[in-house]
Amino acid sequence: MVETVQPEVRPEITGETEEKSKSRLEPGYLVICWNDPVNLMAYVTHVFQRVFGWPKQKAEFHMLQVHELGKSILTRESMEKAEHYVHQLQRYSLHATMEPDA
Amino acid sequence: MKIVRTGDQFLFELGRREQQWLVDLLNRYPCVSPARHHLHRSTRLPDSSQRLLDEALAQQRATTKKQVQEWLSDSRRFEQIETGCRVVLSGSEVEWLLQVLNDIRVGSWILLGAPEENLERALLNKKTASHFLAMEMAGHFEMQMLEALK
């Protein structure tokens, strides 16, 4: 008896999924903040909260990384967004750069 | 210096000497050289990106410098009281003032020779004393404002 092959049902690719896959494939850029002995710890925490909208605990975590390890990777973004964040951080006179994510 | 937060506004009470320090400090803006800001450290990114950043920062510095001068020249800015003066600032003005003061702090530190932490005094001499004082005073005002923002 020949069985009828049921058509394979593939998950529908929604716009959102397409976008997520696209952003994963796009070259990403890391936004890095470097240690400067002059910036006050409370100030750096405040700037991270303002620029990224982070809660205090997360902002303090990254501030301490900067202070103790010399740098902290703050986020991975598209080139345009990374440039935006670097610009925002530099407006506050923090030492921030972006590097391609290898 | 005393800062009281009342809703969206911040009331600063400054002694006479503090008022003079604040005015002197703000007149130093901008202190950080534009050459300090790089988009990247080692990796090559398109020059156009660096150019855009330079232009944006130059424009922002020019605008901020104008705002600082306008802010200082407003005759109603410092309300005189018995002990010194009173200044009322909105939350966004406090944020703006923090950026200005930190530019002065970082710029003064660079002029001092960009010393490592706690080694500032080793570079202290007649030539660098004013940079040292500006760095310390800007930090003092920043700390007070950050406390008030908590």
Side-chain angles (χ1 to χ4, degrees), chain A residues 26-51 53 55-57 59-60 63-64 66-74 76-102, chain B residues 29-32 34 36-46 48-50 52-57 59-61 63-64 91-92 94-96 98-110 112 114-120 135-136 138-147 149-150:
Chain A
E26 274 178 2
Y29 288 83
L30 305 175
V31 176
I32 304 167
C33 187
W34 302 85
N35 188 37
D36 260 339
V38 67
N39 282 310
L40 301 167
M41 291 163 92
Y43 178 78
V44 177
T45 303
H46 173 78
V47 174
F48 289 169
Q49 284 183 275
R50 293 288 301 187
V51 171
K56 192 174 181 191
Q57 203 181 3
E60 274 180 342
M63 176 276 292
L64 285 172
V66 173
H67 183 66
E68 288 163 8
L69 306 175
K71 69 172 183 177
S72 177
I73 295 170
L74 304 180
R76 181 190 185 276
E77 295 289 350
S78 65
M79 180 186 259
E80 203 174 90
K81 271 197 174 174
E83 280 176 2
H84 167 77
Y85 283 132
V86 170
H87 182 204
Q88 290 299 307
L89 294 165
Q90 292 187 349
R91 277 183 73 143
Y92 281 91
S93 308
L94 294 195
H95 190 179
T97 60
M98 57 188 270
E99 305 293 337
D101 185 13
Chain B
Y29 182 87
C31 280
V32 174
R36 174 177 160 80
H37 295 301
H38 296 288
L39 208 46
H40 54 94
R41 264 203 164 182
S42 52
T43 323
R44 277 195 66 79
L45 287 171
S48 57
S49 300
Q50 182 64 52
L52 280 174
L53 176 74
D54 293 345
E55 283 170 10
L57 286 172
Q59 193 180 359
Q60 180 230 326
R61 284 157 63 90
T63 307
T64 306
S92 57
V94 171
E95 200 61 37
W96 169 81
L98 263 178
Q99 283 186 19
V100 171
L101 286 168
N102 204 56
D103 176 283
I104 295 159
R105 179 168 165 84
V106 174
S108 303
W109 171 74
I110 292 168
L112 193 55
E116 285 301 314
E117 213 166 345
N118 302 323
L119 293 177
E120 299 91 348
M135 184 184 81
E136 291 294 313
H140 163 74
F141 285 117
E142 281 181 53
M143 278 310 295
Q144 300 283 330
M145 290 161 74
L146 287 164
E147 275 296 316
L149 280 168
K150 270 183 186 171

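Letters A, B, ... mirror the listed sequences (proteins, then strands); counts begin at 1.
In this structure, no portion of Met145(B) lies under 4.5 Å from any heavy atom of chain A. Looking at Gln60(B), only its side chain comes within 4.5 Å of chain A, counting heavy atoms on both sides. With a 4.5 Å cut-off on non-hydrogen atoms, Ala82(A) does not touch chain B at all. At a 4.5 Å heavy-atom cutoff, the contact between His67(A) and chain B is made by side-chain atoms alone. The contact between Leu146(B) and chain A is made entirely by side chain atoms (from C-beta outward), counting heavy-atom distances below 4.5 Å.
Rounded to the nearest 0.5 angstrom, Tyr43(A) OH and Leu149(B) CG are separated by 11.5 Å. A distance of 5.5 Å separates CZ of Arg91(A) from CD of Gln99(B), quoted to the nearest 0.5 Å. Taking CD of Gln90(A) as the reference point, atom CG of Asp54(B) lies at 9.0 Å (rounded to 0.5 Å). Here the OG-CG distance, from Ser93(A) to Asp103(B), works out to 4.5 Å after rounding to the nearest 0.5 Å.
Using a 3.5 Å distance cut-off with no hydrogens or angles, the side chains of His46(A) and Glu142(B) do not pair a donor with an acceptor.
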Verdict with supporting geometry, His87(A) and Leu52(B), side chain to side chain contact (heavy atoms under 4.5 Å, CB included): CA-CA 10 Å; His87(A) 182 204; Leu52(B) 280 174; over 6 Å; no
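The two residues Pro115(B) and Pro37(A) have their closest heavy-atom pair at O-CG, 3.7 Å.
Looking at heavy atoms from C-beta onward, Leu98(B) lies out of side-chain contact with Tyr92(A) at the 4.5 angstrom threshold. A heavy-atom distance below 4.5 Å is not found between the side chains of Val106(B) and His95(A). Counting only heavy atoms from C-beta outward, the side chains of Glu83(A) and Leu53(B) never approach each other to under 4.5 Å.
The choice from Ile32(A), Asn39(A), Val86(A), Leu94(A) that makes the most heavy-atom pairs within less than 4.5 Å of chain B is Asn39(A).
Around the CD atom of Glu55(B), the shell of radius 6.0 Å holds more than 12 heavy atoms that belong to other residues, nucleotides or ligands. Around the CZ atom of Arg61(B), the shell of radius 6.0 Å holds more than 12 heavy atoms that belong to other residues, nucleotides or ligands.
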